[in-house]
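A short worksheet on the structure shown next.
Below, read A as the first sequence line, B as the second, and so on, with proteins coming before strands; counting in each chain starts at 1.
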2 protein chains.
Amino acid sequence: MSLTRVGVDLLAGSVAYRAGMTVSSDLTGRARLREAALRLFAERGFEATSARAVAAAAGLSPALVIHHFGSKEGLRAAVDEEVLGRIGAALRDADALAGEGAEAGTGTGAGAGAGTGADVMAAVGAVSARMFGADPVLRGYLRRVLQEESAASAALFARLLRGARAELDRLAAAEGADATDARWAPFQMLCLILGPLLLEPVMQPNLDQPMFDPQVLASRSAANQHLLRHGLFGPAPSPSTRG
Amino acid sequence: MSLTRVGVDLLAGSVAYRAGMTVSSDLTGRARLREAALRLFAERGFEATSARAVAAAAGLSPALVIHHFGSKEGLRAAVDEEVLGRIGAALRDADALAGEGAEAGTGTGAGAGAGTGADVMAAVGAVSARMFGADPVLRGYLRRVLQEESAASAALFARLLRGARAELDRLAAAEGADATDARWAPFQMLCLILGPLLLEPVMQPNLDQPMFDPQVLASRSAANQHLLRHGLFGPAPSPSTRG
DNA sequence: AGCGGGGCTAAACATGTGTTCAGTCTATTG
DNA sequence: CAATAGACTGAACACATGTTTAGCCCCGCT
């Protein structure tokens, strides 16, 4: 049972597979199948991807899909679990990071309310970059998942909603006032963050740069910060506008 | 060639079918098939919907799909054309309405800048309500279409983007200032409007009322107006908050 | 009346699908 | 070494799919 970590798996070390399944080396065909499925599902969608195509992409026999995952649906579940695990880990890291940032902001006395707020929003931007910017495959898969009404997607969105509410609380504390419409605020925040993710295929053709390029993403994140705090027509931010 | 309009077809009178096809009465199986396909594609997606399922839902033979549309893909194209036609008409109406509203706002001298801005935003809300609120099937289909990277979806989004820019110009004129970040502003506006549409399946479970109910939609629209103009923490709107 | 055409159908076709089966190979274990 | 376990395979199965074909029925024509 040597749990040798492979480069492919990155953050997935702590993901718990379904009970009763032996957690094997994970450089084997099982992981290859899962990875190929992730890529193809993200590209073409689940229904449009055949088990044979997944197996071919992994260089294996179609029968292995059944052998390892029980069924094609089982494969999807495994991919879901894997992806949601990665995202969960990223979110957990981000939460911890945001918490540190907030404490540091008040602790060092470095900034007025605005400074702390900016820190918080920067953390949000970092989360976005980490989750969405990094991997176009992950983006594609996430895009598909968020459109279903499965239990997994509901859980993911609920998790994001909790995160948004927490960010909003921090932002409100920094701003010294509660949001005018606390009911819709978290959803608006999520729409601003997730919208470009969901709309990427139709939005990208209207831009001259790849919209999830780090710099572009930072610029959009800054615009979102500004919108949330001051509206579209508020005062221009400090002259140091990079990006 | 009696072009009797049917209730089912609503706004679709001016939609031009592909050349070479005789425009028949349109209460026939062709329309029934298209309508059934619209519903099923919206519910389950194109790939997951079989031609047989469409035919069965229309109470017709599967062979008719081929006979009328050439192929399953042809059926999809017809549905796309139909839906995009309806939306185009709604947008055209909305543009006209918004134009009138803006002229009336300045003409009657009824309002300060704020008043005109509110009128403009109300128009946007009306568009949203008209396009998205009315028909859950249309919402579902739109949700699917906006996720593809087809020519049709790109055209639709480009059209929406143009609309958003126009609204933004009007809003800026009313506000007496240009948007701080003119580059992202229209996309942000679209994300706020389209986000809930795309996220409906995962967002609805977190709400206690149907999120496209007219009242709820109006409330969300108002929140969006407020966000765009004053940010999340701006001054509360006039005490007459209905919804 | 005759007749041609289009809406419409049942049955069949070819293919692709998820899945099963029987068996091979390899590595670990007793 | 023998045996067991599990990764893995090619071939087959049952079924669903998009599509084709041949033909029916009814309506509008000359």
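A cation-pi arrangement is absent between Arg76(A) and Phe69(A), since the terminal nitrogen or guanidinium carbon is not both under 6.0 Å from the aromatic centre and inside a 45° cone about the axis.
For the pair Ile87(B)/Leu156(B), a side-chain contact is recorded, criterion being any heavy-atom separation below 4.5 Å from C-beta on. A heavy-atom distance below 4.5 Å is not found between the side chains of Leu160(A) and Ile193(A). Residues Trp184(A) and Leu227(B) have side chains not in contact (no heavy-atom distance under 4.5 Å, counting atoms from C-beta outward).
A donor N or O paired with an acceptor N or O is found under 3.5 Å between the base of dG18(D) and the side-chain atoms of Arg52(B).
Distance, Phe69(A) CZ to dT20(C) P: 16 Å, rounded to whole Å. Regarding His67(A), its NE2 atom lies at a distance of 17 Å from the P atom of dC25(C), rounded to whole Å. Residue Ile66(B) contributes atom CD1, which lies 15 Å from atom P of dG7(C) at whole-angstrom precision. dG6(D) atom C1' lies 9 Å from atom NE2 of His68(A), rounded to whole Å. Atom CD of Glu73(A) and atom P of dG18(C) are 11 Å apart (whole Å). The separation between Lys72(B) atom NZ and dT17(D) atom P is 9 Å, rounded to whole Å. In this entry the distance linking CG of Leu64(B) with C1' of dT21(D) reads 14 Å, nearest Å. Atom CG in Leu33(B) sits roughly 13 Å away from atom C1' in dT9(C) (whole-Å rounding).
Proximity of residues 39-51 of chain A to DNA chain C (heavy atom under 4.0 angstrom from any strand atom) is restricted to Thr49(A), Ser50(A), Ala51(A).
Within 6.0 Å of CD in Glu47(B) there are more than 12 heavy atoms belonging to other residues, nucleotides or ligands. Heavy-atom neighbours of Glu43(B) CD from other residues, nucleotides or ligands within 6.0 Å: above the threshold of 12.
Each of Pro62(A) and Pro62(B) has a nearest nucleotide on DNA chain D; the 5'-most of these lies closest to Pro62(A).
For the side-chain hydrogen bond (donor to acceptor under 3.5 Å, both in side chains) condition, the pairs that include at least one residue of residues 188-204 of chain A, sequence neighbours left out, are Arg139(A)-Glu200(A), Arg143(A)-Glu200(A), Gln188(A)-Asn224(B).
Taking the six-membered ring where the residue is Trp, Phe46(A) and Phe41(A) present perpendicular rings, their angle passing 60° and hence far from 30°.
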### Query
Going through the distances and angles, do Glu148(A) and Arg144(A) end up as a salt bridge (charged side-chain N to carboxylate O under 4.0 Å, His left out)?
CA-CA 7 Å; Glu148(A) 302 167 1; Arg144(A) 307 262 180 196; over 6 Å; no
In 5'-to-3' order, the base (B), backbone-only (S) or no-contact (-) status of each nucleotide in nucleotides 23-29 of chain D, using a 4.0 angstrom heavy-atom cut-off, is -------
